[in-house]
Chemist: 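Take a look at this one; I'll ask things after.
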Amino acid sequence: MSDDQRREPAPQGWPDPVSPPGTADWQETAVHWMWTLLPTTWAQYDVFHHQPLLLARQADLHLQAEIAGLRHGWATTRRDLAEAGMDPATVDRTLEVYAVEGQRLRVLDRQLRLVTDALVRDIRHRMHPHA
């Protein structure tokens, strides 16, 4: 089956910068996008440049750590900043930022899961092309 015949429509929620699964450049665009999810220091490790699924895993670990940090911040901000003498309006604005960032991270989490699932399907297809 050719790549054109295997082309899948982009699932709902697919990241805009990434070409749809099955197109000739989709993995290249996925890799480029996943690098935007990681701190630039990760680029020094060669293994992530040659294994898109490893890059996806590392991006997921980083994203999950960001989500956990944001949840912790949300749960402790009012108490911690009030104890530090921060005015309530600033605390409220901080929580508003956390809400916006939480939504952004949830979208990225969904997008990364879609890309990772497509990478796994591609690996399975290469291992068992007639399955």
Chemist: Using every non-hydrogen atom in the two residues, find where Ala59 and Leu112 come nearest and quote the distance to one decimal.
Modeler: C-CD2, 3.7 Å
Chemist: Ignoring hydrogens, what is the shortest heavy-atom contact between Trp33 and Pro17? Give both atom names and the distance.
Modeler: CD1-CG, 3.8 Å
Chemist: Distance alone, cut at 3.5 Å: any donor-acceptor contact between the side chains of Arg93 and Thr90?
Modeler: yes
Chemist: Any side-chain heavy atom of Asp87 sitting closer than 4.5 Å to one from Val91?
Modeler: no
Chemist: Do Leu61 and Phe48 share a hydrophobic cluster, counting only Ile, Leu, Val, Met, Phe, Trp and Tyr and linking them when any side-chain heavy atoms are less than 4.5 Å apart?
Modeler: no
Chemist: Heavy-atom count around Gln44 CD within 6.0 Å, excluding the residue itself: above 12?
Modeler: yes
Chemist: Check this for me: Gln64, atom CD, are more than 12 non-hydrogen atoms of other residues, nucleotides or ligands nearer than 6.0 Å?
Modeler: yes
Chemist: Are Thr116 and Asp60 side-chain neighbours, meaning at least one heavy-atom pair lies under 4.5 Å?
Modeler: no
Chemist: If I take atom OG1 from residue Thr94 and atom CG from residue Asp80, how far apart are they, to the nearest 0.5 angstrom?
Modeler: 11.5 Å
Chemist: Should the pair Arg113-Asp109 be classified as a salt bridge under the 4.0 Å nitrogen-to-oxygen rule?
Modeler: yes
Chemist: Roughly how far, to the nearest 0.5 Å, is the CE atom of Met34 from the OG1 atom of Thr36?
Modeler: 9.5 Å
Chemist: Under a 4.5 Å cut-off applied to non-hydrogen side-chain atoms, are Leu108 and Arg104 in contact?
Modeler: yes
Chemist: Quick one: CH2 on Trp42 to CG on Leu37, what's the gap to the nearest 0.5 Å?
Modeler: 13.5 Å
Chemist: Would a 4.5 Å heavy-atom cut-off, applied to side chains only, mark Asp92 and Arg78 as touching?
Modeler: yes
Chemist: With distance as the sole test, does Ser19 use its side chain to make a donor-acceptor pair with the main-chain N or O of Asp25 at under 3.5 Å?
Modeler: no
Chemist: Could you give all pairs that pass the ring-ring contact (aromatic ring centres under 6.0 Å, His included) test and reach residues 49-98, with sequence neighbours left out?
Modeler: Trp35-His49
Chemist: Are Val97 and Leu105 co-members of a hydrophobic cluster defined by side-chain heavy atoms under 4.5 Å apart?
Modeler: no
Chemist: Applying side chain to side chain donor-acceptor pair (under 3.5 Å), name anything that partners Gln27, two or more places apart in sequence or on another chain.
Modeler: Asp122
Chemist: Can you see which heavy atom on Pro15 is nearest to which on Val115, and at what distance?
Modeler: CG-CG2, 3.8 Å
Chemist: Would you kindly confirm whether Trp14 and Val107 end up in one hydrophobic cluster when ILVMFWY residues are joined by side chain heavy atoms under 4.5 Å apart?
Modeler: no
Chemist: Kindly work out whether a path of hydrophobic side-chain contacts (I/L/V/M/F/W/Y, heavy atoms less than 4.5 Å apart) joins Leu53 to Val47.
Modeler: yes
Chemist: Quick check for you: to the nearest 0.5 Å, what is the distance between Leu38 atom CG and Leu55 atom CG?
Modeler: 6.0 Å
